[in-house]
Amino acid sequence: MSDDTGTAGEAVPEHELLAVRRGKLDRLRADGIDPFPHAFPGVTPIGEVRAAHAGLEAGAETEARYRIAGRLHARRGQGKMAFLDLDDRSGRLQLQARRDVLGEEVMDRLLDLDLGDLVGIDGVVFMSRRGELSLRVEAVTVLAKSLRPPPDKHHGLQDVEQRFRRRELDLIGNADTRALFMTRAKVISTVRRQLDDAGFVEVETPILQPLYGGAMARPFTTHHNALDRDFYLRIATELYLKRLVVGGLERVYELGKDFRNEGVSFKHNPEFTMLEWYEAYADYEDAAGRLESIVHAVSVAVGYEGDLDFGPPWRRVSFVEAIQEATGVDIMAHPEGADLAVAVRAAGHELKGMDELTWPQLVDDLLSKFVEPNLEQPTIVMDYPVAISPFAKAHRSKPGLTERFEAFAAGMEIANAFTELNDPDVQRERFEAQVRFSEAGDEEAQPYDEVFVQALEQGMPPTGGLGLGIDRLVMLMTGTRSIREVVLFPAMRD
RNA sequence: GCCCUUGUAGCUCAAUUGGCAGAGCAGCGGACUCUUAAUCCGAAGGUUGAAGGUUCGAUUCCUUCCGGGGGCACCA
């Protein structure tokens with residue numbers, strides 16, 4: 001990519017557009033005007049100005065004075081009069097600048113502003129003859145000189161790479177990007193409020209962990225110099241949160257970043273936002289109900305208007321039946337990997353490297369390849385096999401299965417939950433099984449966590465726990481097809 | 001890592017079969033007192049991602065590299 005920013009020590013000829021802006025900056029200073037003042041008190045959001053004058057008739061004048069501030073978006077010159085558009089976070093307002101009101105000097109200075117400059121305006125509200133709510137400018141204050149041109153005023157910033165690498169330009173130029181991240185904030189605040197109101201305590205557990213766990217994924221590693229030891233960036237908060245339930249906090253949640261050292265895709269970013277909650281004296285049915293109600297509340301809060309129906313209850317289907325329906329294979333009738341591979345092939349399906357896969361890997365693949373992509377409406381897949389669920393409690397009535405579900409929508413997993421395994425001896429056996437899977441070549445099998453097992457030995461109440469992918473939830477709520485669209489600064493190659 | 005695709009002015013996009021690289025916006029100079037993608041006149045703005053090759057001639061064809069997008073692999 002060509003780049004006009006250059007690097008330290010390298011002389012780069014300045015683009016004429018930048019030189020022009022620099023020249024205006026110098027002129028402001030020469031005229032004794034601070035192009036970067038320290039504050040601008042008393043600003044009213046444009047949205048409030050609009051709301052206060054919603055019913056004004058075309059041509060109507062008012063005596064309402066406001067001070068607004070924002071970024072100059074467009075200018076339409078009229079000689080002795082000019083119209084300008086000013087953007088703030090809450091909207092856009094037209095400014096009318098008249099030479100007969102402002103006088104020669106102020107008018108000239110205003111016309112010398114560049115698109116993209118941050119300016120403060122004092123003025124009076126009126127409705128233009130064409131019915132555009134406007135502010136008649138009485139005073140102009142430069143709040144920050146912009147030294148680089150903004151994106152195209154009409155087309156915005158379209159280049160996907162620049163939109164992600166230079167998100168500030170995306171936000172300046174594209175109103176829908178601003179709206180999307182406002183929606184994201186609304187999703188998160190709604191989730192928090194739901195849990196807070198339900199008596200959950202928000203906690204923070206380590207991101208740098210001596211041992212990773214709580215999910216099937218490869219971790220990032222990093223190094224602490226003073227301690228001279230490696231740490232893992234967490235792949236999940238699960239094990240720490242359950243230790244807090246052991247400690248008696250009863251209802252806890254954490255909302256924060258997890259990190260997984262995996263490929264990127266439309267639904268995977270190496271760092272992503274995860275919510276996990278744990279509720280003492282509850283089981284996975286309770287977790288399902290809470291998930292439905294929280295996601296539904298989120299959809300209401302953000303004014304969701306898409307094709308997905310988040311109203312509870314969601315469709316429920318059992319894991320074993322879902323695979324059987326999609327592939328014709330009864331996984332429980334083939335408890336060994338090789339055996340199952342034969343059955344899958346006999347049913348006319350093929351998976352990459354199928355003969356080398358362990359039973360859990362194979363089962364996992366069957367779900368993600370044949371079932372998940374077809375789960376469009378919110379669906380809860382119930383009762384996962386023990387072998388792929390090392391932290392879920394055995395099903396109270398179905399042998400070989402656990403009380404675990406995953407929720408899907410728009411062909412994506414959004415949540416994973418279980419009645420938590422709280423029998424320390426069983427947990428120890430599950431870890432040992434994971435170690436065997438690891439030795440059999442599964443790079444994502446769980447490492448053995450003795451501290452966690454000892455915490456369970458202390459006694460953990462019956463507990464329902466759930467993890468919800470916040471980025472994916474935002475994708476659903478905004479109808480977005482790529483996780484990169486809902487993460488402000490997605491991972492990019494250098 | 002593999003496959004497909006893509007990269008042209010600050011931004012948004014053109015460029016026929018390989019034949020002088022163009023437009024709109026923004027910017028610059030000028031006109032204009034209700035415009036709103038304002039309009040009109042004028043002048044400017046380019047190492048076509050980088051390097052190499054084929055050719056009289058390359059934005060166009062070939063190779064390699066870099067970045068983006070999509071897919072596969074990987075990945076709940």
Side-chain angles (χ1 to χ4, degrees), chain A residues 1-4 14-21 23-24 58-59 72-85 92-101 107 112 114-116 126-134 136 146-166 169-170 172-174 214-218 235-236 258 260-270 272 274 351-353 360-361 363-365 367-369 371-372 381 384 388-389 404 406-408 412-416 443-444 467 469 472 481-482 484 490 492-494:
Chain A
M1 289 294 302
S2 70
D3 188 29
D4 57 9
E14 193 174 52
H15 193 281
E16 65 167 285
L17 292 177
L18 305 188
V20 168
R21 285 172 182 253
K24 292 180 180 177
L72 201 55
H73 174 260
R75 172 174 47 225
R76 297 173 288 282
Q78 285 284 327
K80 296 190 176 64
M81 179 168 77
F83 292 93
L84 305 95
D85 291 337
R92 176 171 299 166
L93 192 64
Q94 172 168 275
L95 311 175
Q96 185 202 49
R98 299 171 56 143
R99 196 166 284 273
D100 58 0
V101 171
M107 186 69 177
D112 208 33
D114 285 309
L115 300 193
F126 73 102
M127 188 67 88
S128 79
R129 288 176 203 166
R130 299 279 178 89
E132 177 82 25
L133 190 73
S134 307
R136 181 165 297 121
S146 174
L147 297 173
R148 289 179 179 275
D152 186 279
K153 69 178 179 186
H154 181 61
H155 297 94
L157 185 65
Q158 297 300 319
D159 183 79
V160 175
E161 179 177 359
Q162 293 306 313
R163 286 187 48 239
F164 295 160
R165 286 189 192 276
R166 302 295 310 281
L169 298 180
D170 188 23
I172 288 171
N174 300 328
M216 310 273 203
R218 275 189 285 177
I235 59 172
D258 286 346
R260 298 187 184 177
N261 207 338
E262 300 162 348
V264 298
S265 81
F266 75 95
K267 55 181 174 180
H268 296 92
N269 195 58
F272 61 101
M274 176 74 99
L351 291 166
K352 190 71 67 82
Q361 288 172 321
V363 165
D364 209 9
D365 268 13
L367 184 77
S368 59
K369 297 289 190 301
V371 179
E372 177 172 354
V381 177
Y384 280 53
I388 58 173
S389 311
R404 172 188 180 194
E406 290 187 317
F408 299 85
M412 263 188 326
E413 180 206 338
I414 59 167
N416 179 23
E443 291 187 5
E444 298 170 351
R472 292 181 182 179
R481 326 129 304 273
S482 166
R484 298 175 158 219
M492 304 284 275
R493 225 176 277 269
D494 251 341

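Naming: A, B, ... by sequence-line order, numbering from 1 per chain.
Here the shortest heavy-atom pairing between A/Q162 and A/D159 reads N-OD2, 2.9 Å. Shortest non-hydrogen contact noted between A/Q158 and A/R163 is O-CD, 3.9 Å. The minimum heavy-atom distance linking A/K267 with A/R472 is given by the pair O-NH2, 2.9 Å. Across every non-hydrogen atom of A/K369 and A/L351, the tightest pair is CG-CD2, 3.8 Å. Contact record, A/Q96 with A/R136: OE1-NE, 2.8 Å, taken as the closest heavy-atom pair.
Computed from coordinates, the A/D159 CG to B/G49 P distance equals 13 Å when rounded to whole Å. Rounded to whole Å, atom C1' of B/G10 lies 12 Å from atom CZ of A/R166. Between A/R148 atom CZ and B/G10 atom P there is a gap of 12 Å when expressed in whole angstrom units. Rounded to an integer number of Å, the gap from CD of A/Q162 to C1' of B/U12 is 14 Å. Rounded to an integer number of Å, the gap from A/R129 CZ to B/C34 C1' is 5 Å. Across the protein-nucleic acid pair, A/L95 atom CG and B/A38 atom C1' stand 16 Å apart, rounded to whole Å. One can place CG of A/L169 at 17 Å from P of B/G68, the figure rounded to the nearest angstrom. In this structure, the CZ atom of A/R92 is 19 Å from the P atom of B/U35, given to the nearest Å.
Backbone-only engagement by A/Q158 is indicated by non-hydrogen atom pairs under 4.0 Å involving sugar-phosphate atoms exclusively. Residue-level contact check: A/I388 touches the bases, meaning some heavy atom is under 4.0 Å from a base atom. As judged by a 4.0 angstrom heavy-atom cut-off over every strand, A/S128 is placed among the base-contacting residues. Among the protein residues, A/R163 comes within range of no part of the nucleic acid, since none of its heavy atoms lies under 4.0 Å from any strand. If you check every strand for non-hydrogen atoms under 4.0 Å, A/R493 touches sugar and phosphate atoms only. Residue A/A217 is in sugar-phosphate contact alone, with no base atom involved, counting any heavy-atom pair closer than 4.0 Å across all strands shown.
A gap of 40 Å separates the P atoms of B/C20 and B/G1, to the nearest Å. Comparing the C1' positions of B/G49 and B/U36 gives a spacing of 37 Å, expressed to the nearest Å. Look at the C1' atom in both B/U64 and B/U54: the space between them is 15 Å, to the nearest Å. If you take atom P in B/U60 and the same atom in B/G18, they sit 11 Å apart, rounded to whole Å. Across B/G27 and B/G19, the matching C1' atoms stand 33 Å from one another, rounded to whole Å. Between B/U8 and B/U59, the two P atoms lie 14 Å apart (nearest whole Å). Using atom C1' as the reference point in both B/A73 and B/U12, the two lie 36 Å apart (nearest Å). Between B/C56 and B/C65, the distance separating the two P atoms is 28 Å to the nearest Å.
The main-chain N or O of A/L115 is never found under 3.5 Å from a side-chain atom of A/R75 such that the two would form a donor-acceptor pair. A donor-acceptor pair is defined here as one N or O able to donate and one able to accept, closer than 3.5 Å; such a pair exists between the side chain of A/R260 and the backbone of A/I235. Of the possible donor and acceptor atoms, none in the side chain of A/H268 sits under 3.5 Å from a partner among the backbone N and O of A/G263.
Between A/L367 and A/Y384, the closest side-chain pair of non-hydrogen atoms falls below 4.5 Å.
The shortest distance between the side-chain N/O atoms of A/R76 and the OP1/OP2 oxygens of B/U35 is not below 4.0 Å.
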Base contacts versus sugar-phosphate-only contacts with protein, heavy atoms under 4.0 Å: please encode nucleotides 23-33 of chain B as B, S and - from 5' to 3'.
-BBSSS---BB
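Taking A/R99 as the reference, A/E104, A/D108 meet the side chain to side chain donor-acceptor pair (under 3.5 Å) condition, with sequence neighbours excluded.
Here the side chain of A/S482 is nearest to one of B/G68, B/G70, B/U36, namely B/G70. When distances are taken from the side chain of A/Q94 to each of B/U12, B/G67, B/U36, the shortest belongs to B/U36. Of the candidate nucleotides B/U12, B/C34, B/G71, B/G71 has the atom lying nearest to any side-chain atom of A/F266.
Nearest-nucleotide positions on RNA chain B for A/M127 and A/A215 put A/M127 closer to the 5' end. Nearest-nucleotide positions on RNA chain B for A/R484 and A/R472 put A/R484 closer to the 5' end.
Distance check, rounded to the nearest 0.5 Å: CG of A/N174 to CG of A/D152 gives 10.0 Å. Once rounded to the nearest 0.5 Å, the distance linking OG of A/S134 with CZ of A/R129 reads 12.0 Å.
Paired runs in RNA chain B that reach 3 or more consecutive Watson-Crick or G-U pairs, where each pair keeps both distances under 3.5 Å, cover B:1-7 with B:66-72, B:10-13 with B:22-25, B:28-31 with B:39-42, B:49-53 with B:61-65.
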